[in-house]
Student: 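This is the structure I have questions about; it appears just below.
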Amino acid sequence: MGCRQAPACSTARRRLNRAQRRLIRGTVLVIVLGLSAWGVFAFIAAAPERAFDHYQQGMSLISAGDFKDAAAQFTKALAIMPGYADAYVGRGKALQAMGQSDSAAGDFERAMAANPNLNVAYTSHGEIQRSRGDSQAALADFTRSIQLRPTPDAYYQRGLTYQMLGRPGKAVADYDQAILLDRVAPGVYRARAKAKRDLGDLAGAQEDDETAEHAERTK
């Protein structure tokens with residue numbers, strides 16, 4: 001005998017259908033939540049790449065002299081990755097170029113806090129310190145930068161600071177190191193020429209001036 005007319009059979013079918021519906025709803029919910037979680041994970045995983053894209057745009061804009069838009073790009077990078085030390089340095093340089101030295105110094109300090117081994121942050125911060133007249137603090141920044149990674153710019157900047165302090169011998173020593181790292185650096189040769197004149201080395205000063213002129217013509 002079939003169960004089409006049996007009340008017990010109809011009730012069982014209705015119960016089975018409700019169970020199936022609950023199972024289907026649960027399965028769909030799990031799938032949706034899983035897809036959402038994967039989307040969130042993928043978005044988070046792509047954060048460094050998105051931040052780097054903004055950073056690169058900012059650096060390109062700095063090279064083009066568009067400092068305002070460059071700062072905006074670095075800000076976008078930092079909104080994605082708040083601890084992005086290079087982006088702080090980039091924004092600091094853009095702000096410095098716009099004459100906002102206090103804000104620039106703040107960004108360089110944030111960069112140093114985010115990455116204490118980022119040498120360029122110390123060099124940039126040292127330039128601000130020197131512009132404020134705090135030569136000793138500037139020397140400390142440049143020295144720390146050189147300890148982390150010797151670069152022509154760090155030696156050059158520290159040489160300028162020694163020269164401002166009336167220590168041309170120390171300045172020449174730093175310019176020597178800068179030139180060893182970058183022999184085609186007209187500005188460093190000219191700075192060393194001035195320091196040599198202060199030391200009474202007129203022949204050496206003239207030679208550096210001639211080297212600088214040659215480098216400028218061939219650069």
Side-chain angles (χ1 to χ4, degrees), residues 58-67 70 85-86 88-102 104-105 107-109 111-112 115-219:
M59 293 302 292
S60 296
L61 289 165
I62 279 185
S63 298
D66 189 349
F67 303 115
D86 288 308
Y88 278 122
V89 171
R91 189 172 69 177
K93 287 184 175 295
L95 293 170
Q96 186 178 10
M98 291 189 288
Q100 301 177 35
S101 59
D102 288 342
D107 270 350
F108 297 143
E109 288 161 10
M112 290 186 285
N115 182 1
N117 296 318
L118 187 59
N119 64 300
V120 67
Y122 292 89
T123 304
S124 300
H125 192 257
E127 291 182 55
I128 297 287
Q129 297 287 61
R130 189 178 60 219
S131 71
R132 292 171 169 173
D134 194 345
S135 298
Q136 293 302 323
L139 283 177
D141 278 338
F142 297 136
T143 298
R144 180 56 179 157
S145 178
I146 290 167
Q147 289 170 344
L148 291 169
R149 182 187 173 192
T151 63
D153 189 43
Y155 276 118
Y156 172 65
Q157 296 296 340
R158 193 172 70 173
L160 290 177
T161 308
Y162 276 131
Q163 205 159 334
M164 287 177 61
L165 290 170
R167 302 170 68 180
K170 285 278 193 181
V172 168
D174 273 351
Y175 296 144
D176 288 345
Q177 293 299 315
I179 289 168
L180 282 174
L181 295 170
D182 181 7
R183 294 190 177 278
V184 186
V188 182
Y189 283 107
R190 292 204 181 280
R192 191 171 70 172
K194 183 178 185 306
K196 285 182 176 179
R197 285 192 187 89
D198 292 341
L199 290 169
D201 183 4
L202 301 182
Q206 182 176 352
E207 182 180 352
D208 275 348
D209 279 334
E210 291 172 356
T211 302
E213 289 176 8
H214 176 75
E216 288 169 346
R217 287 196 302 269
T218 59
K219 196 170 183 178

Student: Please find the pair of heavy atoms, one from A105 and one from H125, that lie closest to each other, and give the distance.
Tutor: O-CD2, 3.8 Å

Student: Answer yes or no: is there a side-chain heavy-atom contact under 4.5 Å between L61 and F67?
Tutor: no

Student: Please name the pair of heavy atoms, one in A205 and one in R197, separated by the smallest distance, quoted to 0.1 Å.
Tutor: CB-CG, 3.4 Å

Student: Do any pairs count as a salt bridge (charged side-chain N to carboxylate O under 4.0 Å, His left out) and have a residue in residues 137-165, sequence neighbours left out, and if so which ones?
Tutor: R158-D174

Student: For Y162 and A171, work out which heavy atoms get closest and say how close.
Tutor: CB-N, 3.8 Å

Student: Do you know the tightest heavy-atom contact between P168 and A195?
Tutor: CB-O, 3.7 Å

Student: V120 vs K93, test: side-chain contact (heavy atoms from CB on, under 4.5 Å). Steps then yes/no.
Tutor: CA-CA 11 Å; V120 67; K93 287 184 175 295; 4.3 Å; yes

Student: Rounded to the nearest 0.5 Å, how far does NZ of K194 lie from CG of L160?
Tutor: 10.0 Å

Student: Backbone N or O of S145 within a donor-acceptor pair of the T123 side chain at under 3.5 Å?
Tutor: no

Student: With a cut-off of 6.0 Å (strictly less than), are more than 12 heavy atoms of other residues, nucleotides or ligands near CD of E109?
Tutor: yes

Student: With side chains defined as the heavy atoms from C-beta onward, is the minimum distance between T161 and M164 less than 4.5 Å?
Tutor: no

Student: What's the spacing between D201 CG and E207 CD if we round to 0.5 Å?
Tutor: 9.0 Å

Student: Under 4.5 Å between any side-chain heavy atoms of V188 and D182, yes or no?
Tutor: no

Student: Please name the pair of heavy atoms, one in A121 and one in A111, separated by the smallest distance, quoted to 0.1 Å.
Tutor: CB-CB, 3.9 Å

Student: Take atom CD in E213; do more than 12 heavy atoms of anything else shown fall under 6.0 Å from it?
Tutor: yes

Student: Could you state the interatomic distance from OH (Y156) to OG1 (T151), rounded to the nearest 0.5 Å?
Tutor: 13.0 Å

Student: Check whether any side-chain heavy atom of P116 lies under 4.5 Å from a side-chain heavy atom of Y122, and answer yes or no.
Tutor: yes

Student: Quick check against the 3.5 Å criterion: does Y189 have a side-chain atom that pairs as donor or acceptor with the backbone of R183?
Tutor: yes

Student: Check whether any side-chain heavy atom of M112 sits under 4.5 Å from a side-chain heavy atom of L118, and report yes or no.
Tutor: no

Student: Give the C-alpha distance, both sets of side-chain angles, the deciding distance and a yes or no for side-chain contact (heavy atoms from CB on, under 4.5 Å) between V89 and D107.
Tutor: CA-CA 6 Å; V89 171; D107 270 350; over 6 Å; no

Student: Yes or no on side-chain contact (heavy atoms from CB on, under 4.5 Å) for R130 and Q157, after CA distance, side-chain angles and deciding distance?
Tutor: CA-CA 9 Å; R130 189 178 60 219; Q157 296 296 340; 2.6 Å; yes

Student: Please report the C-alpha distance between R132 and D102 in whole Å, then the side-chain angles of each, then the deciding distance to 0.1 Å, and finally whether the salt bridge (Lys or Arg N to Asp or Glu O under 4.0 Å) criterion is met.
Tutor: CA-CA 10 Å; R132 292 171 169 173; D102 288 342; 3.2 Å; yes

Student: Is a donor from one side chain sitting under 3.5 angstrom from an acceptor on the other, for Q96 and Q100?
Tutor: no

Student: Using atom types as modelled and distance alone, determine if a side-chain donor or acceptor of R190 lies under 3.5 Å from a backbone N or O of D208.
Tutor: no

Student: Taking side chain to side chain donor-acceptor pair (under 3.5 Å) as the definition, give me every residue that meets it alongside R167, ordered by chain and number, with sequence neighbours left out.
Tutor: none

Student: Taking it one step at a time, do Y175 and Q163 satisfy side-chain hydrogen bond (donor to acceptor under 3.5 Å, both in side chains)?
Tutor: CA-CA 11 Å; Y175 296 144; Q163 205 159 334; 2.6 Å; yes

Student: Rounded to the nearest 0.5 Å, what's the gap from CD1 on I128 to CG on D134? Could you check?
Tutor: 12.5 Å

